[in-house]
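Structure first, then comments.
This is a predicted model, so every value here is computed, not measured. Throughout, numbering of the chain's residues begins at 1 and tracks the sequence.
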Amino acid sequence: MLDNFIYVNHLGRRFDGLNKKVYLNYSELRDYSWSYETINNRISRFYRPITDRKIPLWVHCDSEAEAIRVKNELYELTETDVEARLPGKIYIGEYYTKGYITSSVKGDYLIHKKMCRIDLVLTSDDTAWYYEKLNVFPRGSVNEMGIGSGTDYPYDYPYDYALSMAGRTIVCNSVGRNEFRLLIYGAVANPTVVINGHIYAINGTINEGESLLIDSITKTIVLTTATGSKVNWFDKRSRDNYIFEPIPAGQNTVSWNGTFGFDLTVIEKRSEPRWT
């Protein structure tokens with residue numbers, strides 16, 4: 001049985017192969033290799049070089065008109081990423097990898113115009129596979145969560161330790177550390193989230209109707225105002241702790257004072273998608 005070919009370009013346009021009679025044959029998408037550097041005949045670093053992966057597709061539509069429409073759509077959707085120099089995503093199950101379609105070789109389209117073989121090449125400077133898991137932490141008072149009052153220190157911190165921190169455990173089923181996106185909703189002043197004992201803190205006020213996104217992959221901190229404007233808040237991060245610290249594998253306790261809500265998306269990174 002052939003696999004489904006799912007491609008989502010940088011604009012969010014989705015090409016679902018099974019719905020369009022386009023099927024993925026055995027491909028190189030699951031294959032991987034590490035390159036390495038050595039010092040004194042010992043491995044000093046592993047890295048992933050820019051890689052081309054072959055993706056053979058079969059188009060088998062019900063009519064010639066449908067086949068023409070599907071082939072044009074596939075080209076336009078993937079070529080948009082090349083023009084913009086922003087990678088698209090290919091999905092296998094819930095995992096995705098990123099890259100550009102840099103080659104498309106056709107065959108067998110003269111046998112019958114409803115059919116076509118298309119051999120694509122995905123070129124990536126990041127060949128890893130990613131899985132994103134959303135964890136939602138709603139706003140709630142400390143008393144509502146059944147947490148008692150904490151200890152107020154005689155000196156001031158840039159964030160408030162006066163309230164005890166509500167806690168919850170998340171599980172990261174990964175082989176290594178995980179990237180994340182932390183989306184904090186206002187209104188809140190100097191929000192602080194503690195994950196596995198590491199403090200992620202902002203020195204600033206997020207107003208009602210605003211949100212703040214901390215992205216560990218892009219190393220950006222962006223406030224979205226109530227009117228939709230984007231404001232760079234990188235300089236408002238706490239310098240006392242590295243705000244883009246990856247989240248460890250395994251069980252992690254997530255704590256905060258309960259006065260604001262946030263979404264924590266943990267991004268698992270693997271060399272190949274999980275087999276299912």
Side-chain angles (χ1 to χ4, degrees), residues 1-33 48-134 179 181 213 215 217-218 228 263 265-276:
M1 181 177 179
L2 300 179
D3 285 334
N4 192 12
F5 173 74
I6 298 175
Y7 187 95
V8 179
N9 73 2
H10 76 280
L11 298 175
R13 289 181 56 197
R14 180 183 177 96
F15 186 95
D16 192 324
L18 288 182
N19 291 336
K20 299 180 183 296
K21 311 294 194 307
V22 177
Y23 307 97
L24 174 63
N25 208 337
Y26 291 108
S27 71
E28 296 179 350
L29 287 174
R30 290 185 179 271
D31 301 339
Y32 72 91
S33 63
R48 291 183 172 96
I50 295 176
T51 302
D52 291 335
R53 287 174 281 182
K54 297 178 181 178
I55 306 173
L57 301 179
W58 275 102
V59 179
H60 201 302
C61 295
D62 295 330
S63 67
E64 293 182 9
E66 182 185 12
I68 290 171
R69 183 172 63 254
V70 165
K71 288 183 287 187
N72 284 332
E73 180 182 354
L74 178 60
Y75 163 76
E76 292 162 5
L77 188 143
T78 58
E79 192 75 357
T80 298
D81 294 335
V82 174
E83 291 287 342
R85 295 186 184 178
L86 293 172
K89 298 176 181 177
I90 289 179
Y91 282 82
I92 292 181
E94 296 180 310
Y95 289 81
Y96 67 84
T97 189
K98 297 179 286 187
Y100 303 88
I101 299 301
T102 56
S103 176
S104 177
V105 179
K106 287 80 174 176
D108 297 335
Y109 55 87
L110 295 178
I111 297 176
H112 200 295
K113 291 186 178 180
K114 295 189 297 184
M115 299 171 51
C116 182
R117 190 184 77 247
I118 303 178
D119 294 328
L120 302 179
V121 171
L122 180 73
T123 301
S124 306
D125 53 16
D126 177 6
T127 60
W129 287 87
Y130 294 91
Y131 167 72
E132 301 185 5
K133 183 177 181 180
L134 173 64
E179 302 293 345
R181 288 193 298 272
L213 180 62
D215 191 322
I217 292 181
T218 60
D263 296 341
T265 300
V266 179
I267 306 172
E268 178 187 349
K269 185 177 182 180
R270 296 169 56 93
S271 293
E272 64 178 34
R274 187 182 296 274
W275 292 87
T276 57

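In terms of heavy-atom proximity, T97 sits nearest to A128 at OG1-O, 2.9 Å. The shortest non-hydrogen separation linking D16 to I6 is OD1-CG1, 4.2 Å. Pairing each heavy atom of S104 with each of I118, the nearest pair is OG-CG2, 3.4 Å. Considering all non-hydrogen atoms of both residues, K21 and C61 come closest at CB-CA, 3.9 Å. Nearest heavy-atom pair, L29 versus W129, reported as atom, atom and distance to 0.1 Å: O-NE1, 3.2 Å.
Taking the side chain to side chain donor-acceptor pair (under 3.5 Å) definition, one finds that D125 meets it with nothing, sequence neighbours left out.
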Stepwise side chain to side chain donor-acceptor pair (under 3.5 Å) test for Y95 and R274: CA-CA 8 Å; Y95 289 81; R274 187 182 296 274; 3.2 Å; yes
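In summary, the side chains of R48 and S124 do not present any donor paired with an acceptor at a separation below 3.5 Å, with no hydrogens or angles considered.
Interatomic distance, K133 NZ to I267 CD1, rounded to the nearest 0.5 Å: 14.0 Å.
In this structure, the side chains of I101 and V82 stay at 4.5 Å or more apart for every pair of heavy atoms.
Using a cut-off of 4.0 Å between Lys/Arg side-chain N and Asp/Glu carboxylate O, E132 and R181 are scored as salt-bridged. Under the 4.0 Å criterion applied to side-chain N and carboxylate O atoms, K20 and E73 are assigned as salt-bridge partners.
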Ignoring hydrogens and angles, write down the donor-acceptor pairs under 3.5 Å from the side chains of residues 84-92, residues two or more places apart or on other chains.
none

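Looking only at distances, a side-chain donor or acceptor of D81 sits under 3.5 Å from a matching main-chain atom of H10. No donor-acceptor distance shorter than 3.5 angstrom exists from the side chain of D108 to the backbone of R117, with no hydrogens or angles considered.
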